[in-house]
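Below is one structure; the comments refer to it alone.
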Amino acid sequence: MFLDDQEQKKLRAETERRRTFAIISHPDAGKTTLTEKLLLHGGAIHLAGTVKARGQARHVTSDWMELERQRGISITSSVLQFDWDGFRLNLLDTPGHQDFSEDTYRTLAAADAAVMLIDSAKGVEAQTKKLFAVCRRRGIPIFTFVNKLDRPGRDPIDLLHEVEEVLGIRTVAMTWPFGQGQDFAGVATLFDKPGPDARRRPLEQIIATLPPIPPGGVSDPDKLKAKLAEDVELLEHAGDPFDHGRILRGELSPAFFGSAWNEKGVDEFLAAFVGLAPAPGPRHTTTGEAVDPLAPAFSGFVFKIQANMDPAHRDRLAFLRVCSGRFERGMTVRNVRDEKDMRLSMPHQLFGKERQVIEEAYPGDVIGLFDTGALRIGDTLSEEPTVEFAELPRFSPEIFARLRSKDALKRKQLEKGLLQLSQEGAIQVFALRDGGLRDPILGAVGALQLEVLQYRLSHEYGAEIALDRLPYTVARWIQGTGFDPSSFEQEVDALCVVDRDQNPLALFKSEWNLSYAQGRHPQWTFSPTAMTKSR
Ligand code: G4P
C-alpha cells in the first residue's frame with residue numbers, strides 16, 4: 001500500500017491521462033460506427049468493421065448468448081481501451097438495442113463522462129432521453145455529437161435548440177458543419193486549444209481553414225461559407241459562452257458535428273474531448289467522504305456481473321471500476337461487504353469480447369475478475385477496509401410479470417437461479433405481501449431482460465417457467481410513516497409488493513395513477529430508485 005515517490009508520480013500521470021466514458025444514443029444513431037472509428041483513430045484496431053466482426057466471432061463460443069445470436073442483437077456490454085494523443089480512453093460500451101437493461105444504467109455509474117450521439121435527421125429520440133436523465137442525475141459532463149451530417153438532415157441550429165428544449169441542458173458548439181448532405185465537407189473548429197482555457201477563434205481564421213468542398217458537392221461554395229459565417233455569428237451572440245466549470249458540472253454540453261461513416265469531425269471531436277472531459281476524480285463513499293484516486297491504497301467497485309460467457313467454464317465475470325491506487329496482478333484485497341480477503345490472480349482486460357490477462361491498472365480502468373459467486377453488484381474491493389463506495393442505485397423497473405414454475409419438483413433450482421440472477425442484477429425480484437416468494441413478481445427495465453431470464457433459468461438451472469405479463473408500468477419505493485399497503489391498494493389502483501430487503505414498493509398502471517396517489521399522500525416519498533445493499 002506504500003508507494004515510493006516514483007510510483008506515486010506514475011500513479012498521478014496515469015490517472016491524469018485517463019478518460020472513462022460511455023456513448024448514449026437511440027438505436028441506429030451510429031454508435032457502433034462511431035465506436036469503430038474512435039478505435040480506428042486510436043490505433044486500437046486497424047480494420048473498420050472489427051467491432052461487428054468480433055461480435056459475430058464470439059457467437060461461436062457463447063452459450064446463453066445463443067439468444068443474442070438468434071435475435072441478432074447485442075445484449076451485453078463490453079469495455080474498449082484505446083490511446084489517443086497520449087491519453088488513454090476507456091469506452092464503456094452499452095447495449096445498442098432498444099431493449100436495454102439495468103446493465104446499461106449501471107455502466108453509466110462507472111463512467112466519468114457521456115457522449116450523447118444524435119442522428120442529424122432525427123434529433124433527440126426516446127432512448128437518448130432516458131439515458132440522458134441517468135447521466136444528468138449523476139451530474140457527469142455530457143458531450144453532444146450530432147452524427148450523419150453526410151446525409152440530408154435538420155438545420156444544426158435547430159438541432160441544438162431541440163437538445164436545449166427537450167433535455168433542458170444548454171449547449172456550446174465546439175465545431176460546426178461546413179455544408180450538409182452531399183455538400184458536407186467536414187467541420188470548422190470554433191475554438192483554439194480545446195481545454196479549460198479554450199478560446200473562440202476569430203471568424204476570418206475559421207473561414208480561412210475550412211476543409212475543401214467534396215467533389216460531389218452541389219452548392220456554390222461561397223453560399224456555404226456565407227451560411228457558416230451567419231451561423232457562427234448567431235452562435236456568438238445567442239449561444240452560451242464557453243465555461244469549463246459548467247461543462248464539468250454537466251450544466252453545459254459541448255456540441256460537435258460529424259459523420260462517423262466518412263470519419264469527418266471525429267478527430268476534431270477527440271482532440272476536444274480529451275481536453276475537456278475530466279480525469280478520474282474522487283469517488284463518494286458511504287460515509288460521505290470521497291476517495292482520492294491518487295490515494296496509495298487500491299480500491300474499486302463492481303458495477304456489472306456477467307454470467308457464463310465461456311460455456312466451458314460456466315464462470316461469471318465481474319466488471320470492476322478502479323477508483324484509487326494502483327492495481328497489480330496477484331494483489332490481495334478485501335471485499336468490504338463480507339470482510340473476506342481475496343487474491344486477484346487472474347484479472348482481465350476486456351477488449352470488446354476478448355480477454356487478456358493484465359498486470360496492472362489505474363483509476364478509471366475497468367478490469368474483469370473471474371467470480372465463482374463471491375462478488376455482487378455494488379461490492380467494494382479495497383486494500384483499505386474502511387473504504388466503502390456509495391451504493392449503486394437499483395433502477396425503477398417498467399415491465400412486470402408474474403413468474404409461474406412449470407415443474408414443482410424443480411423449485412429448489414428455480415429459487416437458486418432466481419437468487420443468483422437477481423444478485424447479478426439481471427432482474428429484480430419482488431414478493432407479494434402475503435404470498436412470499438412462491439409466485440414472485442419480476443421487474444425489468446427492458447422486455448429483453450425477461451426473455452433472457454427465462455432462457456437462462458431453463459438452460460443453466462433446468463427450471464422451466466411461464467411469465468404472465470402484468471399491466472403495471474411504474475414502480476415507486478414508498479417511504480414514510482403510516483404506510484398501510486392494504487388500505488393504499490384499495491384507495492388507489494396499485495399493487496403493493498416488497499423487494500428482497502423487505503422495502504415496500506407500489507406498482508402503478510400509469511404515471512397518471514402515480515400522480516393521483518402522490519397527490520393524496522404528499523406526506524410520503526415516492527422514490528423511483530431503491531438504494532439497496534446487496535448484502
Ligand atoms: P447503432 O450502433 O447506434 O445502432 O448504429 P450503427 O452504427 O449500427 O448505424 C446504424 C446505421 O447508420 C448503419 O447503416 C450505419 O452504416 C449508418 N450510419 C452510422 N453513422 C453514419 C453516418 O455518419 N452517416 C451515414 N450516412 N450513415 C451512418 P445500416 O444500413 O443499418 O448498416 P450497414 O449496412 O451500413 O452496416
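Every number for a ligand or one of its atoms is a count from 1 in the order of the listing.
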**Item:** Distance-only polar pair, side chains of Asp231 and Trp176, donor-acceptor under 3.5 Å
**Value:** yes
Pairing of [X] and [Y] as salt bridge, 4.0 angstrom limit:
X	Y	result
Asp83	Arg18	no
Arg199	Asp192	no
Arg154	Glu162	yes

**Nearest-option assignment for atom 19 (C) of ligand 1, heavy atoms, candidates Ile23, Thr33, Val266, Leu34** = Thr33
Taking both backbone and side-chain atoms of [X], is any N or O found less than 3.5 Å from an N or O belonging to ligand 1?
X	answer
Thr32	yes
Arg151	yes
Gly30	yes

Atoms in ligand 1 with a heavy atom of [X] nearer than 4.0 Å:
X	value
Ser259	22 (C), 23 (O), 24 (N)
Lys31	1 (P), 2 (O), 3 (O), 5 (O), 7 (O)
Pro27	4 (O)

**Asked** Quick one: are the ring centres of Phe191 and Phe242 less than 6.0 Å apart?
**Response** yes
**Prompt:** Pick from Phe257, Phe256, Phe21: which one makes a ring-ring contact (aromatic ring centres under 6.0 Å, His included) with Phe269?
**Reply:** Phe256
**Item:** Asn147 contact mode with ligand 1 (heavy-atom cut-off under 4.0 Å)
**Value:** side chain
